[in-house]
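Small disclaimer: the values here were computed from a predicted structure and weren't measured. All residue numbers refer to positions in the sequence shown, counting from 1.
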Amino acid sequence: MKVKFSKNVLVTGGTGFVGRALVQRLYHDVKCGLLVAVRYQSQRTRLPAGVQIVDVGDIGSNTSWSRALKNISVVIHTVARAHVMNETIEDPLKEYRRVNVSATLNLAQQAAEAGIRRFIYISSIKVNGESTVTGHLFTPEDVPAPIDPYGISKLEAEIGLRKISEETGLEVVIIRPPLVYGPNTAGNFNRLLRVVASGMPIPLGAIQNQRSLVSLDNLVDLIVVCIDHPAAANQIFLAGDGEDISTPELLKRLGAALDKPVRLISLPEPILTFGANILGKRAMAQRLCGSLQVDISKTRHLLGWNPPLSVDEGLEKTARAFLSDKN
């Protein structure tokens, strides 16, 4: 049975990792009016055949959204300049601000002026910070402490959105996910999949951290709930799978999902960190060795939401897609 909303929804970034999965879910399982903003007509091939699209060109501070916002009641904004592994731009923060701040606030301001009721913004846990002390979880009420340009730009966008909300009455919903994984995942998670699938020894057996993750399906489900839930208005929510695991445990579960034995070697964390620093991989070492936990109790209680997929179910789905791509 389809979930039914009496809403017309505009999704930006509908051909990206999160946006594409969201569009699939809205198109197939949710009964609502759906419009997807794309930069070029050629991107239609990455979306379900029946999805209605609108070409808005490059998304920036001067983009006109008038055609896209007509008869829309909810905007879900997933467009972002995300982590760039090998940055070549001289001033990365300026570029992050151009896409993640200026373009976002331009859309939100036009949405408010067009009478849009709700604006759902996919932010990042990096607004809270880069790491937690084991057992002390990030919450939506924490004082923000972003470190890198991406996290800083996401915080600045949140601040601007709340100001627009106060001035216009636009309902703003902010969702901060940690690392998102799922079919066709890229970046560091894809690297972990490839390392585990290779069967090579992994020197992370001694790591005793705890990390929160969120599967793509769980994040999409939370976004869908926020479309119509009255308690979501003007709130910040953290997303997660509801179970935190260590890096060694994650590797073992990935191995089980891939049907590959995992060969863990226990090297002391200081040695790993020292070697990573020499190789210029300090940030990667921090993510593999450090803790980052999120408290999703507000999300559960205020929205009555629980992650529909367990960590193991999310990893199995990710692994199946990875193995299918290899074949």
Side-chain angles (χ1 to χ4, degrees), residues 2-39 43 46-48 51-56 59 63 65 67-82 99-101 103-112 114-124 127 154 157-158 160-162 164-165 168 170-177 180 182 214-239 299 303 305:
K2 284 193 171 186
V3 179
K4 184 176 181 180
F5 295 138
S6 57
K7 303 287 182 293
N8 291 325
V9 178
L10 171 70
V11 176
T12 72
T15 58
F17 179 53
V18 173
R20 192 173 181 182
L22 175 62
V23 169
Q24 292 277 355
R25 172 73 187 277
L26 292 173
Y27 182 69
H28 293 292
D29 298 330
V30 178
K31 190 174 182 180
C32 67
L34 175 62
L35 180 64
V36 180
V38 298
R39 287 185 297 169
Q43 291 182 313
R46 302 182 64 187
L47 297 167
V51 168
Q52 184 180 359
I53 68 167
V54 57
D55 184 346
V56 296
I59 295 176
T63 303
W65 292 91
R67 288 192 306 123
L69 293 172
K70 189 175 181 180
N71 299 321
I72 295 295
S73 50
V74 178
V75 173
I76 306 176
H77 188 50
T78 75
V79 166
R81 184 179 197 261
V99 179
N100 296 349
V101 184
T104 296
L105 300 185
N106 173 52
L107 170 58
Q109 186 64 49
Q110 291 187 48
I116 304 300
R117 184 179 65 87
R118 179 168 290 186
F119 190 99
I120 301 174
Y121 179 59
I122 310 306
S123 186
S124 169
V127 169
K154 284 293 192 177
E158 288 188 13
L161 287 170
R162 288 197 292 270
I164 291 172
S165 175
T168 66
L170 176 70
E171 294 178 359
V172 170
V173 183
I174 295 168
I175 299 175
R176 296 179 188 163
V180 184
V214 63
S215 74
L216 185 58
D217 282 352
N218 285 342
L219 177 57
V220 166
D221 191 75
L222 174 58
I223 295 170
V224 170
V225 169
C226 288
I227 291 174
D228 206 44
H229 202 298
N234 302 316
Q235 297 291 336
I236 298 172
F237 298 107
L238 306 190
T299 312
L303 300 178
W305 178 82

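You'll find the side chain of Arg39 stays beyond 4.5 Å of the side chain of Thr15, heavy atoms only. In this structure the side chain of Val23 reaches within 4.5 angstrom of the side chain of Leu34, judged on heavy atoms. Within the 4.5 Å cutoff, side-chain heavy atoms of Ile59 are placed close to those of Trp65.
Of the possible donor and acceptor atoms, none in the side chain of Glu158 sits under 3.5 Å from a partner among the backbone N and O of Tyr121. Thr299 contributes a side-chain N or O that, together with a main-chain N or O of Leu238, makes up a donor-acceptor pair within less than 3.5 Å. In this structure, Ser123 contributes its side chain and Ile175 its backbone to no donor-acceptor pair below 3.5 Å. Judged purely by atom type and a 3.5 angstrom limit, Asn100 has no side-chain atom pairing as donor or acceptor with the backbone of Ala157. Judged purely by atom type and a 3.5 angstrom limit, Arg67 uses its side chain to pair as donor or acceptor with the backbone of Asp55. A donor-acceptor contact shorter than 3.5 Å links the side chain of Ser165 to the backbone of Leu170. Lys70 places no side-chain N or O within donor-acceptor distance of the main-chain N or O of Ala114, the cut-off being under 3.5 Å.
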Derivation and outcome, side-chain contact (heavy atoms from CB on, under 4.5 Å), residues Arg162 and Ile236: CA-CA 10 Å; Arg162 288 197 292 270; Ile236 298 172; 3.7 Å; yes
Full working for side-chain contact (heavy atoms from CB on, under 4.5 Å) between Asn106 and Thr63: CA-CA 8 Å; Asn106 173 52; Thr63 303; 4.0 Å; yes
Test log, rule side-chain contact (heavy atoms from CB on, under 4.5 Å), inputs Leu26 and Ile227: CA-CA 11 Å; Leu26 292 173; Ile227 291 174; 3.7 Å; yes
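Taking CG of Leu10 as the start and CG of Asn71 as the end, the distance is 12.0 Å to the nearest 0.5 Å. Distance CD1/Ile76 to CG/Leu22: 5.0 Å, rounded to 0.5 Å. To the nearest 0.5 Å, atoms CD1 (Ile122) and CG (Leu219) are separated by 6.0 Å. Atom CG of Leu47 and atom CD of Gln52 lie 12.0 Å apart (nearest 0.5 Å).
Residues passing the side chain to side chain contact (heavy atoms under 4.5 Å, CB included) test with Ala232, sequence neighbours excluded: Arg118, Val173, Cys226, His229, Phe237, Leu303. Under the ring-ring contact (aromatic ring centres under 6.0 Å, His included) criterion, Phe119 pairs with His77, not counting sequence neighbours.
When each of Leu105, Val101, Asn234, Leu107 is tested with Leu161 by the rule side chain to side chain contact (heavy atoms under 4.5 Å, CB included), just one qualifies, namely Leu105.
Closest of all the heavy-atom pairs between Val18 and Leu216 is CA-CD1, 3.8 Å. The nearest pair of heavy atoms linking Val56 to Ala68 is CG1-CB, 4.2 Å. Heavy atoms only, all atoms of each residue included: Ala80 and Val99 are closest at C-CG1, 4.1 Å. Closest heavy-atom contact between Gln109 and Ile164: OE1-CG1, 3.6 Å. Residue Ala111 comes nearest to Val75 through the heavy atom pair CB-CG2, 4.4 Å, listed as atom of the first residue, atom of the second, then distance. Heavy-atom minimum distance, Ser73 versus Ile116: O-CG2, 3.3 Å.
Asp221 has a carboxylate O that lies under 4.0 Å from a charged side-chain N of Arg25, or vice versa, which qualifies the two as a salt bridge.
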